[in-house]
Amino acid sequence: MTSSAAALLVQPAQADQPGRGRFITLEGIEGAGKSTQCDTLAAALRALEVPFLQTREPGGAPMAERIRALLLDPDSRALGATAELLLMFAARAEHLAKTVQPALAAGTWVLCDRFTDASFAYQGGGRGLPQDTIAWLETLVQGELRPDLTLLFDVPAELGLQRAKARSAPDRFEAETLEFFQRARQVYLERARQEPSRFRVLDASLEVEVVAQQVCEVLQTFVSDARIAHP
Ligand code: TMP
């Protein structure tokens with residue numbers, strides 16, 4: 001696809017545009033404590049008086065939430081990997097158009113529980129779909145938009161699954177095998193190695209309070225740098 005074709009689909013506000021909000025994503029396999037730490041981040045942003053909205057993927061817009069329900073429903077077990085990937089990106093297109101892009105353009109920061117790194121980890125690593133197909137969809141749906149900061153909550157798959165199982169009845173993804181999550185974790189770690197300036201990897205096997213403290217430190221530095229770049 002040419003870059004002009006991608007630009008027709010989305011016209012991302014760039015991070016270096018003054019007044020644009022920052023896009024922060026949280027990633028990790030099941031049981032990494034990501035959702036709890038998302039609330040920690042939200043509280044820290046509030047304390048720093050940064051205007052933000054908190055959202056999630058799949059979901060975060062009315063049609064995207066309907067797609068989420070389909071994707072997570074254990075009764076959707078017959079859904080094939082390619083259809084699953086396309087539904088993830090269909091939900092993402094809606095989420096970007098209705099929620100994320102308008103917020104960033106208005107100067108509101110966006111705190112998103114999962115984004116496209118999850119497609120690379122779960123549909124790429126977990127399901128074995130080609131990474132370049134996912135990268136192609138990323139360009140189609142997002143143009144040049146990428147997160148400004150990604151916190152990866154890293155936990156061994158055994159511990160993550162153990163925690164997730166203790167929590168509630170498994171959804172369609174939580175019912176996957178240990179090997180599926182081991183592959184997803186490896187893809188997350190590899191992506192973090194490839195993009196060290198965007199990723200911060202946190203050891204999510206530590207106590208919740210210790211991880212929360214590290215989250216606050218990462219955020220404080222990121223907010224100060226953003227304020228220096230665009231006071
Ligand atoms: P969560 O909101 O509980 O994290 O559940 C969302 C599930 O969807 C989680 O198991 C990961 C999965 N997922 C993907 O497989 N690919 C994606 O692109 C996204 C955003 C989530």
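For ligands, and for the atoms within them, numbers begin at 1 and follow the listed sequence.
Checked against ring-ring contact (aromatic ring centres under 6.0 Å, His included), Tyr188 has no partners two or more places apart in sequence or in another chain. In this view, Phe23 and Phe115 satisfy the ring-ring contact (aromatic ring centres under 6.0 Å, His included) rule, not counting sequence neighbours. Among residues two or more places apart in sequence or in another chain, the side-chain contact (heavy atoms from CB on, under 4.5 Å) test is passed with Glu176 by Arg127, Phe180, Phe181.
Using a 4.0 Å heavy-atom criterion, the residues that approach ligand 1 are Glu30, Lys34, Glu57, Pro58, Arg68, Met88, Arg92, Arg114, Phe115, Ala118, Ser119, Tyr122, Gln123, Phe173.
Residues Asp39 and Gln54 bring a donor and an acceptor atom of their side chains to less than 3.5 Å of each other.
Put simply, the residue from Lys34, Arg68, Arg92 that forms a salt bridge (Lys or Arg N to Asp or Glu O under 4.0 Å) with Glu57 is Arg92.
Counting only heavy atoms from C-beta outward, the side chains of Asp117 and Phe199 approach each other to under 4.5 Å.
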